[in-house]
A.B. asks: 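Quick one: the structure is below, and I'll ask about it shortly.
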Amino acid sequence: GIQVEQSPPDLILQEGANSTLRCNFSDSVNNLQWFHQNPWGQLINLFYIPSGTKQNGRLSATTVATERYSLLYISSSQTTDSGVYFCAVGGGGSYIPTFGRGTSLIVHP
Amino acid sequence: KAGVTQTPRYLIKTRGQQVTLSCSPISGHRSVSWYQQTPGQGLQFLFEYFSETQRNKGNFPGRFSGRQFSNSRSEMNVSTLELGDSALYLCASSNGGPRDTQYFGPGTRLTVL
């Protein structure tokens, strides 16, 4: 199956800083999503982005499918951005997502 | 539209017991998937149901089973609970296609004593 690696595993920032989270995957994909898991465990969709670039407020994401990676950018980070960010990819004819191990982000005030 | 709901939110059981968790998908969604999340193994896929049929299955023992009803609501059952089954169980719903977005419920946190 598809292998998914996320980096860095942990990230500590001061409020207002910018950051880039990376997701590498081992095969071609037809589905890629970024999620934010809040401290209560809820997984919240951030982006559906199997290719291209999208922006939503302070967050943006880029997937370069031909080079098998995706990046999540967080600008002007806030304490509410804390949590774990997961990349989930799916390939082939059906969508059974494989999740990376996540990047744990802590934003200090 | 209402989001994905899961009940109960928290559950404490003892070894050897069985448990049933419930998931109500977003209205109109026909696919429901279940995941187990533990600190050691991360997020692992359990199974997916589409139109009342199990369409995909992860690598879990037969103690883990599920079903989907005609209204797309789904239940998962774990029999003969083990300590290692303590986890956050997440359910997600989608339209069921390979390019569809998955929407997750808040999860059921199961503790096995």
Side-chain angles (χ1 to χ4, degrees), chain A residues 1-10 21 23-25 27-52 54 56 59 61 63 65 70 72 83-104, chain B residues 1 3-6 8-11 21 23 26 29-51 53-60 66 86-111:
Chain A
I2 296 176
Q3 306 299 312
V4 182
E5 290 185 4
Q6 291 186 243
S7 60
D10 301 283
L21 283 59
C23 171
N24 291 334
F25 42 93
D27 206 344
S28 58
V29 298
N30 53 25
N31 193 312
L32 189 149
Q33 291 183 246
W34 283 96
F35 295 92
H36 174 219
Q37 188 169 39
N38 65 23
W40 298 272
Q42 173 81 56
L43 276 163
I44 300 164
N45 292 63
L46 296 176
F47 294 102
Y48 168 78
I49 188 165
S51 63
K54 290 186 178 180
N56 184 3
L59 273 60
T63 296
S70 183
L72 178 68
V84 183
Y85 290 81
F86 289 99
C87 164
V89 305
S94 69
Y95 179 55
I96 300 300
T98 299
F99 281 79
R101 295 307 298 259
T103 292
S104 176
Chain B
K1 275 187 181 178
V4 179
T5 59
Q6 291 186 245
R9 293 292 311 279
Y10 302 91
L11 206 48
L21 312 181
C23 172
I26 290 172
H29 284 183
R30 295 164 65 190
S31 169
V32 174
S33 299
W34 288 90
Y35 299 84
Q36 182 195 65
Q37 186 178 27
T38 60
Q41 299 299 318
L43 270 154
Q44 293 184 285
F45 170 74
L46 280 157
F47 30 65
E48 183 221 5
Y49 285 87
F50 182 81
S51 294
T53 300
Q54 187 181 85
R55 188 165 66 168
N56 292 284
K57 188 177 189 304
N59 189 24
F60 277 81
S86 294
L88 179 66
Y89 290 88
L90 293 160
C91 133
S93 80
S94 77
N95 285 320
R99 293 175 175 79
D100 289 328
T101 302
Q102 291 217 325
Y103 297 90
F104 281 81
T108 294
R109 193 167 294 277
L110 172 65
T111 301

A.B. asks: What residues form a ring pair (Phe, Tyr, Trp, His ring centres under 6.0 Å) with B/Phe60, not counting sequence neighbours?
C.D. replies: B/Phe64

A.B. asks: Contact part of B/Leu88 toward chain A, heavy-atom cut-off under 4.5 Å: side chain, backbone, both or neither?
C.D. replies: side chain

A.B. asks: Is there a side-chain contact between A/Gln37 and B/Leu90 in this structure, where contact means two heavy atoms from C-beta onward sitting under 4.5 Å apart?
C.D. replies: yes

A.B. asks: For B/Gln44, is it the side chain, the backbone, both, or neither that has a heavy atom closer than 4.5 Å to a heavy atom of chain A?
C.D. replies: neither

A.B. asks: Does atom CD of A/Glu5 have more than 12 heavy-atom neighbours from other groups under 6.0 Å away?
C.D. replies: no

A.B. asks: Nearest heavy-atom pair of A/Leu43 and B/Leu43: which atoms, and what distance?
C.D. replies: CD1-CD1, 4.2 Å

A.B. asks: Taking the side chain from B/Gln102 and the backbone from A/Asn45, do they hold a donor-acceptor pair closer than 3.5 Å?
C.D. replies: no

A.B. asks: I need the residue from B/Gly42, B/Pro106, B/Gly107 with the largest number of non-hydrogen atom pairs under 4.5 Å to chain A.
C.D. replies: B/Pro106

